[in-house]
Protein chains: 2
Amino acid sequence: MKVLSKACVYGLRALIYMALKKGDSPYVSIGEISEELDISFHFLTKTFQSLTEKGILKSYRGPSGGVAFAQPPEAIFLIDVVKIIEGEGFFDSCLLGLPGCGEAAPCPVHDFWKEARGAMKREFETTSLAGLADKVSRQRLRISE
Amino acid sequence: MKVLSKACVYGLRALIYMALKKGDSPYVSIGEISEELDISFHFLTKTFQSLTEKGILKSYRGPSGGVAFAQPPEAIFLIDVVKIIEGEGFFDSCLLGLPGCGEAAPCPVHDFWKEARGAMKREFETTSLAGLADKVSRQRLRISE
DNA sequence: AGGATTTAAGACTATTTTATCTTATTTTAT
DNA sequence: ATAAAATAAGATAAAATAGTCTTAAATCCT
């Protein structure tokens, strides 16, 4: 069951890495992240560009440049990132792929799926990057293979 | 959010169609199903082949042949179909795509995702084709676009 | 000023998924 | 027997996703 695209998974891992890294400079180079997490540099760059456009990150070129959070990671929730990378309609899908599935013209599993994806949405709305980073450092979790 | 592949979605829609159709002969031709539900004939044929191999369906060639349930639709649950079409490990995925994610080496969202996919699995385990077909006919739901 | 470093942007390639097409094989009815 | 109806199987094509490469632009440092 593949729910999130590679771009999204890589983006989230990278953001957690950034949130985890409390250095003197807020800027972290994409090169460092891609090396540490073993993610294609150019692929990650492309993903980060959209996050920069949408105001999640800010970027700075040149030596010792990189990307940094444009908002504190406490205020960035998974849903913000997912919506940017996967698209706005991410939580409106029909499990059976019927276009326009909804209360008016539901599919046979609409009721269940509405609840299931709703739970997922709520979780994404309440989980911040800072919260995840905190969990990772406390419990020594991994964010790469 | 695309959870199920086209092959799986088409397969499920087609099976519901079959469960819905209480004709004199248990055999329904794939040609009819593909036409009624607007699904590529050959694509559906390929999907049905694996369901036949795994004992969900039985097939009969020749004029007035087709496919029929090898077990009563009351005894066929969504999970049976999904596991055949999507693969055995469908409910073991990691949301962040980390290989070997589990209790021993969990990812940061493992706890949540374990619960979410568990709920989905339970729903699939308890929903039969007959149950869905019944719901469709009672509530006049649609199974095609 | 000039070279090194880093993101930005877009073209290009590869892989996977989805869909179609073609040909064979099996079965039934006449 | 023969024709018709259906599945079986594999080659091929199209589309979506994932990943790579190249060039440009910005910034810093000496």
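In what follows, every chain begins at residue 1, and chains take the letters A, B, ... in the order their sequences are listed. Fair warning: this is a prediction, and the values are worked out from it, not measured in the lab.
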Would you kindly give the CD-to-P distance between A:E86 and D:dT17, to the nearest whole Å? 10 Å

Answer whether the closest heavy-atom distance between the side chains of A:F41 and A:I30 falls below 4.5 Å. yes

Using both distances under 3.5 Å as the test, list the Watson-Crick or G-U wobble partner of C:dT30, or none. D:dA1

Among the candidates C:dA8, C:dT5, D:dA18, find the nucleotide nearest to the side-chain atoms of A:T52. C:dA8

For B:R61 and D:dT7, what is the distance between atoms CZ and C1' respectively, to the nearest whole Å? 5 Å

Students often mix this up, so state it plainly: with edges at 30° and 60°, are the rings of A:Y60 and A:Y27 parallel, tilted or perpendicular? tilted

Kindly say if A:Y10 contacts the phosphate of D:dG19, meaning a side-chain N or O under 4.0 Å from OP1 or OP2. yes

Grab the CD1-C1' distance between B:I33 and D:dT7 for me, whole Å please. 13 Å

Have a look at A:S5 and say if it touches a base, only the backbone sugar-phosphate, or nothing, with a 4.0 Å heavy-atom cut-off. sugar-phosphate

From C:dA11, D:dA9, D:dA18, pick the nucleotide closest to the side chain of A:K46? C:dA11

Donor-acceptor under 3.5 Å (A:T127 side chain, A:F124 main chain): no

Taking only N and O in the side chain of A:S29, is any of them less than 4.0 Å away from OP1 or OP2 of C:dT6? no

Does A:Y60 reach a base, just sugar-phosphate, or nothing at all? Heavy atoms under 4.0 Å. sugar-phosphate

Could you state the atom-to-atom distance from CD of A:E32 to C1' of C:dT7 in whole Å? 15 Å

Taking only the side-chain nitrogens and oxygens of B:S59, find out if one of them lies under 4.0 Å from OP1 or OP2 of D:dA8. yes

B:K6 NZ - C:dT20 P separation (whole Å): 11 Å

Watson-Crick or G-U wobble partner of C:dA11, both distances under 3.5 Å: D:dT20

Report yes if the side chains of B:V67 and B:K58 come closer than 4.5 Å at any heavy-atom pair, otherwise no. no

Within the structure shown, what part of the strands sits under 4.0 Å from B:F41 by heavy-atom distance: base, sugar-phosphate, or nothing? base

Check this one for me: any side-chain N or O of B:T45 less than 4.0 Å away from OP1 or OP2 of D:dA9? no

For A:L57 and A:L15: C-alpha separation, side-chain torsions, deciding distance, then whether side chain to side chain contact (heavy atoms under 4.5 Å, CB included) applies. CA-CA 9 Å; A:L57 298 176; A:L15 289 171; 3.8 Å; yes

Whole-Å distance separating the CZ atom of A:F43 from the P atom of C:dA9: 17 Å

Beyond-backbone contact of A:L132 with A:L78, side-chain heavy atoms, under 4.5 angstrom: yes

Side-chain donor or acceptor of B:H42 under 3.5 Å from a matching atom on the base of C:dT22? yes

Between CG of B:L4 and C1' of C:dT17 the distance, given in whole Å, is 15 Å

Does C:dT18 have OP1 or OP2 under 4.0 Å away from a side-chain N or O of B:K2? yes

Look at the side-chain N and O atoms of B:S40 and state whether any lies under 4.0 Å from the OP1 or OP2 oxygen of C:dT20. yes

Write down the distance between CG (A:L44) and P (D:dT20), rounded to a whole number of angstrom. 12 Å

